[in-house]
Structures are given as C-alpha cells and as structure tokens.
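The structure under discussion appears below in the form of structure tokens.
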Amino acid sequence: KAGVTQTPRYLIKTRGQQVTLSCSPISGHRSVSWYQQTPGQGLQFLFEYFSETQRNKGNFPGRFSGRQFSNSRSEMNVSTLELGDSALYLCASSPYNSQLNTEAFFGQGTRLTVV
Amino acid sequence: KNQVEQSPQSLIILEGKNCTLQCNYTVSPFSNLRWYKQDTGRGPVSLTIMTFSENTKSNGRYTATLDADTKQSSLHITASQLSDSASYICVVSANTDKLIFGTGTRLQVFP
C-alpha cells in the first residue's frame, strides 16, 4: 500500500509569488491535514479536510488556503509568499473523519524556500 | 493554554545505551498522546498512541508511559542503535482542539 505522497519535494520561490503544494493520501483515507514545520516553532497545524470539507483550521493568515478533491487528494496554496513562509510543509492522512482520535500517517513533506 | 513541553531539547548517547525522553502537557480535555519519530528531512512516523486508560505501550525497543494524573509521559529507548538518531515529538490530542505538538527532543546516537 503506497504511503502519503507529497509533491514537489523541494521548491524555491521568490517573495510575492504564490505556490501550490499537493498531497495524495493513503488509498482509502479520507482525512487530510496540513502542517508547517520550522526549526523555531516546531510543527504547527494549518488545516484539516474530510470529504472535501474543511473541518478545522489553525491560526494562520488567509494567505494560506487549501482544498480537497473528491478522490481525497488535497492541495494547499500560499499566496504572496514571505521569507518567513520558508518551512517543511507536511501532509498527514487518516482513514476516519478526524485525526484527533486516530493515527495520522505523514508524507515526506515539501521543503519550501522563499528567497 | 494547551501546551506540550519536552525535555531535554537534545541528547547525545553512545550506541547500546538506554535513554528516556520526557513530555509534560497541560491539555484539557485529554484524548490521547502520541510519540513520533522524525528523521532529518522526512515526515514523522508514529511510534505509539495511548489513550487515558493506558499507562504503558511498547513498540519494539520503544516503550512509552503515560501518567494522566500528573500529565506526564516518557519514551524509553532500550539498547540504542545508530538508526535511533532522530527527533522525537510528543503530540497530545484534546477533544475540543487540534493536535498539540511538542517541539521535540533531538537524539544523537554515536558509535
């Protein structure tokens, strides 16, 4: 069974640009969450989707958005990139409707560098 | 405020030795506590997940304990191996909130 797949693995963008990251969950999993990981802040929750609906949202500005498609694949978009957006962006999937009570399986992440 | 604190921040041990990592949390209401291992540049991998009623759970050489009264958890690694070098992240789930992550303990195992 394939794991969680995130693309691309690495990305370099300039300030002001926008970026779209993709996540394909484990087959059969319907919940997808996104996290930002930086050395100073650790892992921080961005948002969670289940059946194409956003269920939870973290404390990030509106420049960060996401969506989930009918096949459970998810994308997150960051507009007007800032230097501080440089981070490892992780996606996690789980089979049930919330990652609060079930195990979450993480992808390898997308390393975004903003210059 | 819901918080998860881990100690130590970093740890260096010799191969074959045991070590214990600590996690204290102030999360309410508590649902479950997880330990993840994260190799550099890779996504976290789950080691254990424990609910309120569980006070110990093992996964090979990894043993996690949970004291829900004192809101403390520990991860004990037995007979460490070079491949244990990684960051270990404690994560607590609250019924009314998202997953709350600790900042991790960076473990280095030297031969």
Side-chain angles (χ1 to χ4, degrees), chain A residues 2-11 21 23-26 29 31-50 54-60 87-113, chain B residues 1-10 21 23-25 27-54 57 59 62 64 66 68 86-107:
Chain A
V4 178
T5 304
Q6 292 188 245
T7 57
R9 288 294 311 277
Y10 303 94
L11 205 50
L21 311 181
C23 171
S24 293
I26 292 171
H29 285 196
S31 170
V32 172
S33 290
W34 288 90
Y35 300 87
Q36 181 195 66
Q37 187 176 33
T38 58
Q41 298 291 323
L43 271 157
Q44 293 185 286
F45 171 77
L46 281 157
F47 25 67
E48 179 181 21
Y49 287 89
F50 178 79
Q54 187 179 88
R55 292 181 53 88
N56 281 308
K57 191 176 190 302
N59 297 321
F60 278 81
L88 180 67
Y89 289 87
L90 291 160
C91 165
S93 78
S94 68
Y96 304 114
N97 63 352
S98 171
Q99 295 188 7
L100 292 180
N101 295 312
T102 62
E103 185 172 350
F105 298 84
F106 284 84
Q108 302 283 41
T110 293
R111 171 73 63 185
L112 172 66
T113 302
Chain B
K1 183 182 177 185
N2 288 327
Q3 278 188 315
V4 176
E5 295 183 348
Q6 293 186 243
S7 62
Q9 273 191 315
S10 61
L21 314 181
C23 173
N24 296 338
Y25 61 93
V27 176
S28 182
F30 174 85
S31 177
N32 60 69
L33 183 145
R34 312 149 188 228
W35 283 94
Y36 282 91
K37 177 188 178 187
Q38 185 176 22
D39 293 316
T40 301
R42 304 177 78 85
V45 174
S46 177
L47 295 175
T48 65
I49 178 169
M50 290 186 291
T51 59
F52 184 88
S53 59
E54 298 173 297
K57 185 168 275 190
N59 179 357
Y62 300 100
L66 173 64
S87 289
Y88 292 84
I89 304 170
C90 175
V91 186
V92 180
S93 169
N95 285 330
T96 58
D97 207 335
K98 298 87 180 174
L99 298 178
I100 300 136
F101 291 82
T103 53
T105 292
R106 175 71 184 157
L107 174 65

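Residue numbers begin at 1 in each chain, while the letters A, B, ... track the order of the sequences. This structure is a prediction, so every number in the text was calculated from the model and none was measured.
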**OP:** Give a yes or no on this: more than 12 heavy atoms of other residues, nucleotides or ligands lie within 6.0 Å of atom CZ of B:R106.
**Re:** yes
Original post:
Between B:R42 and A:L88, what is the shortest heavy-atom contact and its length?
Top reply: O-CD2, 4.4 Å
Subject >> Between A:K57, A:Q6, A:Q41, the one whose heavy-atom pairs under 4.5 Å with chain B are most numerous >> reply: A:K57
Donor-acceptor pairs under 3.5 angstrom involving side-chain atoms of residues 43-51 of chain B: please list them, not counting sequence neighbours.
from: B:S46; atom 1: OG; to: A:E103; atom 2: OE2; distance (Å): 3.2
from: B:T51; atom 1: OG1; to: B:E54; atom 2: OE1; distance (Å): 3.3

**OP:** Using a 4.5 Å cut-off on heavy atoms from C-beta on, say whether the side chain of A:L43 contacts that of B:Y36.
**Re:** no
**OP:** Measure A:Q37 against the heavy atoms of chain B and call it side chain, backbone, both or neither at under 4.5 Å.
**Re:** side chain
